[in-house]
Amino acid sequence: MKITLKDGSVKEYAQSMSVYDIALDISEGLARAACAGEVNGQVVDLRTMVEQDCELNILTANDKAGLSTIRHTASHVLAEAVKRLYPNVKLAIGPSIDTGFYYDFEAEPFSREDLDKIEGEMKKIIKEGAKLEKFTLPREEAIKFMEEKEEPYKVELIRDLPEDAVISFYRQGEFTDLCAGPHLMSTKGIKAFKLISSSGAYWRGKSENAMLQRIYGTAFNKKDELKEYLEHLEDIKKRDHNKLGREMELFTTVDVIGQGLPLLMPKGAKMIQIMQRWIEDEEEKRGYVRTKTPLMAKSDLYRISGHWDHYKEGMFVLGDEEKDKEVFALRPMTCPFQYYVYKASQKSYRDLPLRYGETSTLFRNEDSGEMHGLTRVRQFTISEGHLIVRPDQMVEEFKGCLALAKYCLDTLGVSEDVTYRLSKWDPNNKEKYVGSEEVWEETQAHIRDILLELGVPFTEEEGEAAFYGPKVDIQAKNVYGKEDTMITIQWDAVLAEQFDMYYVDQNGEKVRPYIIHRTSMGCYERTLAWLIEKYAGKFPTWLCPEQVRVLPISEKYIDYAKSVEEKLKENGILCTLDNRSEKIGYKIRETRLAKVPYMLVVGQKEEEEGLVSVRSRFAGDEGQKNLDTFIDEIAKEIRTKEIRKEVVEENN
């Protein structure tokens with residue numbers, strides 16, 4: 001048989017060979033470094049037998065799939081350690097993930113001391129160096145095998161598989177787990193690992209299921225790689241918006257108000273206001289007209305739109321359908337309301353496109369386990385818009401929405417941090433959607449063509465579309481690697497019919513318009529969380545709730561400091577005056593900790609000559625400047641929304 005390697009070279013063997021033996025034949029060093037193999041594009045164990053011509057790639061820890069194999073094996077070692085220490089614990093699942101691995105257990109919550117104890121047991125297991133051996137069983141034997149081990153979650157997983165399925169297991173010493181693999185040859189292949197944290201997690205991610213305990217860990221091939229990652233985690237903790245946003249007094253939460261209902265404090269509210277005014281002005285420049293619609297509506301509206309059938313569980317319903325004459329619901333979106341703005345008068349083909357924009361407060365009944373800080377909340381504000389267009393205008397208007405989104409991302413300084421996804425319907429679950437298969441395939445093809453034409457890199461994902469149409473989702477990850485949708489642009493070719501929307505064409509005929517559902521910047525709360533983490537609280541000057549702090553050297557110069565403050569405010573600059581009876585060094589340190597972009601120190605010389613001594617996050621000590629000169633410079637920076645680079649000094 002002929003084995004074509006990654007570099008194009010070919011190996012020939014007269015008999016079947018394991019992936020490991022082929023690696024060994026290539027070189028002993030490669031065999032030592034090997035974690036898994038890739039046969040014709042499929043990742044497999046090193047112990048997998050190759051029996052016919054194929055393309056083979058030997059995977060090491062330098063390959064994503066190779067590192068994933070190390071981490072997957074580490075999750076099994078974690079499970080074995082937990083079972084040794086806590087025999088009554090029940091096992092759920094334990095995959096590798098981008099940042100490491102986790103395992104879910106039916107158990108009491110784990111403390112940090114518990115994790116340290118489990119780590120110690122894992123080190124013993126790794127040192128024992130048990131080989132990992134794969135074996136398979138028919139489905140019924142596999143069920144019986146796990147029933148005898150009293151592992152109900154494993155039994156449930158097996159029962160979900162087809163009756164004719166052959167179930168694979170991996171054994172390492174006295175421990176056996178249900179798993180498809182791949183895994184390392186032995187536990188000794190785990191060189192560097194660390195258990196990071198533990199938290200609650202619903203079985204299969206559904207709130208109606210049991211709450212399990214999830215232990216997160218990570219693993220690397222080298223200790224210095226692990227060290228570097230752990231240092232990265234410490235930086236993440238400093239950037240976590242849920243921690244930093246509270247420390248900076250941008251937002252808070254209160255138990256008696258409710259989970260997922262954050263309170264924006266004055267500084268956070270000012271940042272939202274800055275962004276909102278910017279977005280509304282920008283949309284107006286691009287031909288949008290504004291609406292303001294109710295926060296709730298009767299269930300009748302949501303029945304017409306389809307949300308009552310497809311999204312009711314995610315809505316806050318006010319009333320009882322069996323008892324009350326009218327049942328209302330808080331709005332989870334604005335589109336049906338804006339449709340009736342459109343329908344209030346007859347429209348001609350000359351009136352289109354119509355671009356409606358609204359700063360919308362929305363409500364969604366998120367699961368308690370999903371909510372986190374400002375990124376996943378139950379009440380939020382969004383830069384929402386709906387474009388009512390003729391079919392011949394749809395492509396250009398869709399491109400315009402993408403251009404607006406890119407402009408927003410560029411201005412915020414985050415365009416390099418996002419990925420684009422074409423979110424499609426799931427043709428195997430057609431009951432979840434409205435519209436014909438032909439319409440879905442056609443509209444998805446249009447979006448694909450637009451992205452290709454614009455040269456936008458993107459992935460495609462089935463089952464992520466809205467129930468009424470496909471969309472482009474612009475995705476970003478938080479500091480912990482969890483991905484959220486920041487901006488969405490949806491192609492809707494069906495709801496106009498459900499709402500009997502039409503325009504009169506040049507022939508006097510009634511024609512159904514198309515609709516684009518879009519956000520320009522997305523959810524303000526989620527964007528604020530994103531910016532906190534992106535900039536570690538050191539925002540671009542134009543976004544800062546406090547752009548300048550004036551620091552008099554002593555009480556003698558407070559009057560001059562007040563005149564500086566007043567002139568700054570007259571020019572629209574957000575500033576404060578620190579007139580406390582504290583030493584100037586203390587005030588400077590406080591201003592640095594508050595991450596204020598500029599501090600103006602004033603004393604005798606500054607007062608006599610109309611100057612300010614400028615210190616900034618961007619250039620450190622910028623020296624003395626005429627006050628008018630400084631105002632011109634910072635006003636331009638704010639007006640142009642410039643993002644200045646930070647200096648690396650002790651104040652950072």
Side-chain angles (χ1 to χ4, degrees), residues 247-251 264-282 411 528 531 535 537-644 646-647 651-652:
E247 291 173 354
M248 296 182 68
E249 297 184 346
L250 298 175
F251 77 97
L264 287 170
M265 299 176 77
K267 291 179 182 178
K270 172 55 71 173
M271 291 187 68
I272 296 290
Q273 182 189 58
I274 291 169
M275 289 190 284
Q276 181 179 328
R277 288 176 173 174
W278 161 55
I279 289 296
E280 290 179 352
D281 288 347
E282 182 61 34
T411 305
L528 178 56
L531 294 171
Y535 292 107
K538 290 181 272 190
F539 308 108
T541 303
W542 73 274
L543 274 171
C544 285
E546 182 185 6
Q547 294 160 340
V548 179
R549 187 174 295 183
V550 184
L551 310 177
I553 289 175
S554 69
E555 293 181 2
K556 290 190 295 184
Y557 307 107
I558 287 178
D559 287 343
Y560 177 62
K562 286 181 178 178
S563 70
V564 170
E565 178 194 23
E566 288 171 8
K567 193 163 185 180
L568 289 166
K569 287 183 175 179
E570 287 172 4
N571 286 273
I573 297 162
L574 302 174
C575 63
T576 59
L577 168 62
D578 186 348
N579 58 8
R580 296 175 298 167
S581 299
E582 300 285 356
K583 292 182 178 180
I584 190 64
Y586 178 80
K587 291 181 180 182
I588 290 172
R589 285 192 297 274
E590 288 274 289
T591 308
R592 286 171 174 168
L593 289 172
K595 308 182 194 315
V596 180
Y598 293 93
M599 61 183 95
L600 303 183
V601 180
V602 296
Q604 182 179 350
K605 185 176 181 182
E606 287 80 12
E607 182 176 24
E608 290 173 351
E609 301 181 21
L611 302 173
V612 288
S613 290
V614 182
R615 291 171 179 259
S616 74
R617 294 194 330 239
F618 315 108
D621 187 351
E622 297 191 15
Q624 291 181 326
K625 294 184 182 182
N626 180 279
L627 177 57
D628 289 336
T629 300
F630 172 76
I631 289 174
D632 288 343
E633 290 175 352
I634 190 173
K636 180 182 178 184
E637 181 183 338
I638 293 167
R639 184 178 65 256
T640 61
K641 298 178 176 57
E642 179 184 356
I643 301 176
R644 294 187 67 185
E646 301 277 342
V647 293
N651 63 324
N652 286 331

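Positions are given from 1 along the sequence. In this text, all values refer to a predicted model and were calculated from it rather than measured experimentally.
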**Message:** Run the salt bridge (Lys or Arg N to Asp or Glu O under 4.0 Å) test on E633 and K625 for me, step by step, so that the C-alpha distance in whole Å, both residues' side-chain angles and the decisive distance to 0.1 Å come before the verdict.
**Reply:** CA-CA 10 Å; E633 290 175 352; K625 294 184 182 182; 2.7 Å; yes
**Item:** Considering all heavy atoms, the nearest I274-L543 contact
**Value:** CD1-O, 3.8 Å
**Fill in**
To the nearest 0.5 Å, atom CD of E590 lies from atom CE of M599 at 11.0 Å
**Prompt:** Just wondering, do T411 and I643 contact through their side chains at under 4.5 Å, heavy atoms?
**Reply:** no
**Message:** Using only atom types and a distance under 3.5 Å, with no angle test, would you say the side chain of E546 pairs donor to acceptor with the backbone of V596?
**Reply:** no
**Nearest-0.5 Å distance that lies between atom CD in E566 and atom CG in L577** = 9.5 Å
**Prompt:** What do the steps show when you test K641 against W278 for side-chain contact (heavy atoms from CB on, under 4.5 Å), and what is the final call?
**Reply:** CA-CA 10 Å; K641 298 178 176 57; W278 161 55; 3.3 Å; yes
**Request:** Return yes if some donor-acceptor pair links the side-chain N/O of N571 with the main-chain N/O of I573 below 3.5 Å, else return no.
**Result:** no
**Message:** Out of the candidates E608, E606, E607, only one should pair with Q604 under the side chain to side chain donor-acceptor pair (under 3.5 Å) rule; please name it.
**Reply:** E608
**Prompt:** Are any of the side-chain heavy atoms of Y586 and L551 separated by less than 4.5 Å?
**Reply:** no
**Donor-acceptor contact present, side-chain D578 to main-chain R580, <3.5 Å** = yes
**Check against salt bridge (Lys or Arg N to Asp or Glu O under 4.0 Å), K587 and E582** = CA-CA 7 Å; K587 291 181 180 182; E582 300 285 356; over 6 Å; no
**Asked** Taking side chain as C-beta onward, heavy atoms only, is V614 less than 4.5 Å from Q624?
**Response** no
**Asked** If you take all heavy atoms of W542 and E642, which pair is closest and at what distance?
**Response** CD1-O, 4.2 Å
**Prompt:** Is any side-chain heavy atom of R644 less than 4.5 Å from a side-chain heavy atom of T541?
**Reply:** no
**Prompt:** Between OH of Y535 and SG of C544, what distance do you get to the nearest 0.5 Å?
**Reply:** 10.5 Å
**Message:** Among I631, L600, V601, exactly one meets side chain to side chain contact (heavy atoms under 4.5 Å, CB included) together with V612. Which residue is that?
**Reply:** L600
**Request:** Output, in order, the C-alpha distance, side-chain angles, deciding distance and verdict of side-chain contact (heavy atoms from CB on, under 4.5 Å) for L264 and I272.
**Result:** CA-CA 9 Å; L264 287 170; I272 296 290; 3.8 Å; yes
**Nearest non-hydrogen partners of E646 and K538, listed with the distance** = OE2-CB, 3.8 Å
**Item:** side-chain contact (heavy atoms from CB on, under 4.5 Å) evaluation trace for V550 with L568
**Value:** CA-CA 10 Å; V550 184; L568 289 166; 4.0 Å; yes
**Asked** For Q273, does the CD atom have more than 12 heavy-atom neighbours from other residues, nucleotides or ligands under 6.0 Å away?
**Response** yes
**Pairwise distance OG(S563) to CG(L627) - rounded to 0.5 angstrom** = 7.5 Å
**Request:** Hey, could you give me the NZ/CZ distance between K583 and R589, rounded to the nearest 0.5 Å?
**Result:** 9.5 Å
**Complete:** For M248 and A594 the tightest heavy-atom approach is CE-O, 4.4 Å
**Asked** For the residue pair T591 and R549, what are the closest heavy atoms and their distance?
**Response** OG1-CD, 3.4 Å
**Message:** Less than 4.5 Å apart, side chain to side chain, heavy atoms only: is that true for F251 and L528?
**Reply:** no
**Message:** Minimum heavy-atom separation for N579 and P552, please, with both atom names.
**Reply:** CA-CG, 4.4 Å
**Item:** NZ/NE/NH1/NH2 to OD/OE distance under 4.0 Å, K569 and E565
**Value:** yes
**Complete:** Exactly one of E637, R617, E622 clears side chain to side chain donor-acceptor pair (under 3.5 Å) with Y598, and that residue is E637
**Asked** Which is it for M265 and L250 under the side-chain contact (heavy atoms from CB on, under 4.5 Å) test, yes or no, and what are the steps along the way?
**Response** CA-CA 5 Å; M265 299 176 77; L250 298 175; over 6 Å; no
**Prompt:** Given side chains that start at C-beta, do those of M271 and F539 come closer than 4.5 Å, heavy atoms only?
**Reply:** yes
**Asked** OG1 of T629 to CD1 of I634: how many Å apart, nearest 0.5 Å?
**Response** 13.0 Å
